[in-house]
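As C-alpha cells, the structure follows; a few thoughts come after it.
Here is the naming used below: chain letters follow the sequence lines, and residue numbers restart at 1 for every chain.
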There are 2 protein chains.
Amino acid sequence: MKLLRNTLLETFVTVVECGGFSDAQFALGITQSAISIRIRDLETGLGYRVCERGRGGFRLTERGEIAYRKARDILLSARDFDAELLELRNAITGDLRIGVVDAVSSLPGLPLVAALQKFLARPNEVQLELVIASPTDLTQRLISGEVHVAIAPFRHQLPDLSYTEVCKEAHRLYCSDQHPLFNLPAEEIDAGILSSYPLCQRSYDMMASTDLAKSKAQVVVANMEAMAMLIESGHYLGALPKHFAQSWVDKGIFRELNSDDLRWTSTFYLASRQSKAHRRAVELFIQDICSCADKSDPK
Amino acid sequence: MKLLRNTLLETFVTVVECGGFSDAQFALGITQSAISIRIRDLETGLGYRVCERGRGGFRLTERGEIAYRKARDILLSARDFDAELLELRNAITGDLRIGVVDAVSSLPGLPLVAALQKFLARPNEVQLELVIASPTDLTQRLISGEVHVAIAPFRHQLPDLSYTEVCKEAHRLYCSDQHPLFNLPAEEIDAGILSSYPLCQRSYDMMASTDLAKSKAQVVVANMEAMAMLIESGHYLGALPKHFAQSWVDKGIFRELNSDDLRWTSTFYLASRQSKAHRRAVELFIQDICSCADKSDPK
DNA sequence: TACTTACATGAATTTTTGTTATGTGAAAAT
DNA sequence: ATTTTCACATAACAAAAATTCATGTAAGTA
C-alpha cells in the first residue's frame, strides 16, 4: 500500500534516474505518453521547467536538480512513514537500508552476516538494501535518512547519532613482492627505512599513528581494494586490515611489515539515528547486530 | 498546487479534528459517503481499524491515535516541502507558522507587528498562522516543525535551535485595590511583609528572583491574563510585565510594588530551527524581525 | 532526403473517485 | 415498546481523472 502516494514526484525521480522518458516506461510500468503528461503537470504546478529533453538528450535544469534532490529525499521518508503506520499492524515491513564500509565480508567478529540471517529468519515483508560507502559518506546518509543504520569505524561521532561498539579490526602495513622491502630481513626494517618509501593513505579512519602518517602521502584511497591494487603495484606501502590482506599474504604477493609500532586497531561502531524513524524493522536489526557482536580484541 | 497530495491521510486527520464524519463533510467539501469510503480504504490499506464511529460517538482506536499523530506531522512537512519546491519559482509561498507567548501585543520594542507589516508588504502567497503558547510548548512545536519561528523569553536554550535576542521586557510586582498592601506606605513594604502574602507564580520564565520565588506558590498560571485576574481578586501578589499591567494601574486597580529588589527583566528571543525547512518565507520573516528589533533596556 | 530517436498531443478508453439514494443499527425520545 | 433520529455504510450510477493508442513533430543520424 501507498499512503503517501505521489505519482508526479515518483515519476520525476524515476525519469531522472533512468535518464529520460523512454527508459522510465518500463521502470514505472506506464506508457511514455503518461510520463510526458505527468512531467508536464508537475512543471505546470511548479511553474518552472525541471528538465530539458528531446532528441538532444536529457538534462535537468538548475532548479530541476534541486527539486530532484528534495523529491528523492521526501520519497524515502514517505516510504519510511508508510512502514511506520503499517508496523502498527504488528508486521515487520518497509525498507531496511544498511550502510557499511567496504572489505568487511572477511572481517572476523563482524556480525553482519549472522545478524542478517537472524533478522531474515523472522517472517517479514522487509525490503533490504545494502550500500557500501566511506564512514564520512555513511554519516551523511544516516543524517539524511538514506540509510537507517551503518557499520563503520566512525572516528568523529556526531551528537545526533547514537553509536554502539560492534567489533575491532586489526591493521598492518604491507608491501608487495614488487617492492624493495619485500626481501629485506625484519631486523633491518625501522621507521627510518619505512618513511623513505611512499605511502598510500586512506582518506578515512586515519591510523592514530606514528611517523608514518606524517610523511606526506602521494596517493589517497577510500577503498580497500584500491589500496590493495596500489600496494600490489610495488610502488607503495599501505595499511590494510589483516583479514583482508590475508589472501594476498597466503599467495606470497604481500608481506606484512610486522613490527611492534606497526599495529593498529580500529573499532567498528553500529550507528543509527533514532529520531529519524523508529521502526520495528530497524530496532530489530540493531538488536540482532548487538546480540551477535564479538567485541574482543583481534588476534 | 499539491505535490505530496494524499487524500486518505488528509481525510483521516480532518475527520479526527472534526470529531466525526458528518462535520468533516464541510471541512473537506465532499459528501459523507466519500469520507466513509476513504476511511474504509485507509483501514483496508493499513490492515487495522483507526477509529470507532457510529451513533455511540467517535473515538480513535489506540493505533489510530498513533497513526493520527504521525499523519498530522507528515502532512505539515508535506506542506513545507511543497513550499520549498514552489519557492524555486521565486515566489514567496507556503505556510509561515509563528509562535509567541501571550501578552506581547503591548510590549514596547517587540517588533512583531512592525515585522509582519514589512513582511506582508511584499507580494506573497503566504498562509500565515499565529499561535499563542508558553515557551516550553513553543520549543516543542519548533522541534516538531509545527511552528517555523517562535518569539518568547526562552530560558533553556536547546542546541538544536538557534536563538537571536529580540528585546527586553520589564517586570514588576503588583497587588490590586482589594489587597491589604494596596494602601500601605511604600516605606513599610519590605521583603518580610511581602513574603507573608501568597504569590501567584508563573509556570515559565520564573524570575531569577529573591526570596519571593522561594515562598511556596499556591497558584501557578501560564498566562498573563490569568495572572492579572488572580491579582485582581485581591488574594494574590503577582509579577506582570510593566507594559501589560499599565492599563490596570491607570485605572487605579493595580499598584506597582516598586522597590529596588522587585525589578526583573526578561529577554525575548527569536528561535527557529534551520534544519527543518529552509524556506524563503521563513528566512525573510526572521530578517524582518531582526531589522525591526530594539534591544535596548526597558525603562 | 529519408530515417530514427525522443518526446508531445488529441481522441478514445479505462480507472478512479465522488454523488445520490437508500439501508442499518444503536441511542434517544415519545 | 415503538418511533425517531443520528451517524455511518453501501450500492448504483455519474463525473472526473488518468492512461493508452495512434499519430505528430523536431532534432539528430545515415
Side-chain angles (χ1 to χ4, degrees), chain A residues 1-61 63-65 67-68 71 75 78 82, chain B residues 1-61 63-65 67-68 71 75 78 82:
Chain A
M1 199 229 177
K2 264 294 157 82
L3 285 169
L4 261 180
R5 168 196 45 139
N6 192 328
T7 45
L8 296 193
L9 292 181
E10 235 153 48
T11 307
F12 178 42
V13 168
T14 309
V15 163
V16 173
E17 279 159 9
C18 291
F21 293 14
S22 354
D23 279 3
Q25 291 183 80
F26 312 107
L28 289 164
I30 54 172
T31 59
Q32 167 269 315
S33 329
I35 296 178
S36 177
I37 293 167
R38 284 187 186 178
I39 296 291
R40 173 169 54 71
D41 290 353
L42 178 69
E43 290 181 329
T44 311
L46 288 174
Y48 52 87
R49 215 169 160 73
V50 292
C51 59
E52 300 302 335
R53 60 251 188 203
R55 192 65 183 83
F58 179 88
R59 206 183 70 256
L60 282 174
T61 63
R63 290 157 162 181
E65 181 71 45
Y68 164 66
L75 286 181
D82 276 17
Chain B
M1 197 227 180
K2 264 293 156 82
L3 285 170
L4 262 179
R5 168 199 46 142
N6 191 332
T7 46
L8 296 193
L9 291 181
E10 235 152 48
T11 306
F12 178 41
V13 168
T14 309
V15 163
V16 173
E17 278 158 9
C18 292
F21 294 12
S22 356
D23 280 2
Q25 293 183 80
F26 311 108
L28 289 165
I30 55 172
T31 58
Q32 168 267 316
S33 329
I35 296 176
S36 177
I37 294 166
R38 283 186 185 177
I39 296 291
R40 174 169 53 72
D41 289 351
L42 177 70
E43 291 181 329
T44 312
L46 287 174
Y48 52 86
R49 216 170 159 74
V50 290
C51 59
E52 299 303 334
R53 57 250 190 205
R55 192 68 180 81
F58 179 89
R59 206 185 68 257
L60 282 174
T61 63
R63 290 157 163 180
E65 181 70 46
Y68 164 67
L75 286 181
D82 277 15

_Any B:Val15 side-chain heavy atom under 4.5 Å of B:Arg38 side chain_ =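 B:Val15 vs B:Arg38: side chains apart.
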_pair A:Thr11-A:Leu42: side-chain heavy atoms closer than 4.5 Å_ =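 In short, these two side chains do not touch, never coming nearer than 4.5 Å.
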*Check whether any side-chain N or O of A:Arg53 sits under 4.0 Å from OP1 or OP2 of C:dA8, and answer yes or no.*
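Checking C:dA8 against A:Arg53, a side-chain N or O does come within under 4.0 Å of OP1 or OP2.
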*Taking only the side-chain nitrogens and oxygens of A:Arg40, find out if one of them lies under 4.0 Å from OP1 or OP2 of C:dC7.*
no
*Residues that B:Ile37 engages under side-chain contact (heavy atoms from CB on, under 4.5 Å), provided they are two or more places apart*: B:Arg40, B:Asp41
*Set of residues satisfying side-chain contact (heavy atoms from CB on, under 4.5 Å) with respect to B:Arg55, sequence neighbours excluded*: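 side-chain contact (heavy atoms from CB on, under 4.5 Å) list for B:Arg55, sorted by chain: empty.
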Could you state the [atom1]-[atom2] distance from [X] to [N], rounded to the nearest angstrom?
X       : N      : atom1 : atom2 : value
A:Ile37 : D:dA22 : CD1   : C1'   : 13 Å
A:Glu10 : D:dA18 : CD    : P     : 14 Å
B:Glu43 : D:dA9  : CD    : C1'   : 12 Å
A:Leu8  : D:dT19 : CG    : C1'   : 14 Å
B:Phe21 : D:dT10 : CZ    : P     : 11 Å
B:Ile39 : C:dG18 : CD1   : P     : 12 Å
A:Asp23 : C:dC7  : CG    : C1'   : 13 Å
B:Phe58 : D:dA9  : CZ    : C1'   : 15 Å

*Applying side-chain hydrogen bond (donor to acceptor under 3.5 Å, both in side chains), which residue pairs with at least one partner in residues 12-25 of chain B are found, sequence neighbours left out?*
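Sorted pair list: B:Glu17-B:Tyr68.
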_Suppose the criterion is side-chain hydrogen bond (donor to acceptor under 3.5 Å, both in side chains): which pairs have a residue in residues 28-37 of chain B, not counting sequence neighbours?_
none
Report each atom pair, protein N/O against N/O of nucleotides 26-30 of chain C, whose distance is under 3.5 angstrom.
none

*Closest non-hydrogen atom pair between A:Phe58 and A:Gly20, with its separation*: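 Minimum heavy-atom contact is CD1-CA, 3.8 Å.
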*B:Leu9 to B:Ala71 - nearest heavy-atom pair and separation*: CD2-CB, 4.0 Å
*Check the surroundings of atom CZ in B:Arg59: do more than 12 heavy atoms from other residues, nucleotides or ligands lie under 6.0 Å from it?*
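No, because the 6.0 Å sphere around CZ of B:Arg59 holds 12 heavy atoms or fewer from other groups.
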_Set of residues satisfying side-chain hydrogen bond (donor to acceptor under 3.5 Å, both in side chains) with respect to A:Arg63, sequence neighbours excluded_ =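 Result, side-chain hydrogen bond (donor to acceptor under 3.5 Å, both in side chains) vs A:Arg63: none returned.
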*Terminal axes of the helix from C:dT1-D:dA30 to C:dT30-D:dA1 (five pairs each): angle between them, nearest 10 degrees*: 0°
_For B:Arg53, salt bridge (Lys or Arg N to Asp or Glu O under 4.0 Å) partners two or more places apart_ = B:Glu43
*Hey, can you pull the residues of residues 25-36 of chain B with a non-hydrogen atom under 4.0 angstrom from DNA chain D?*
B:Gln32, B:Ser33, B:Ser36
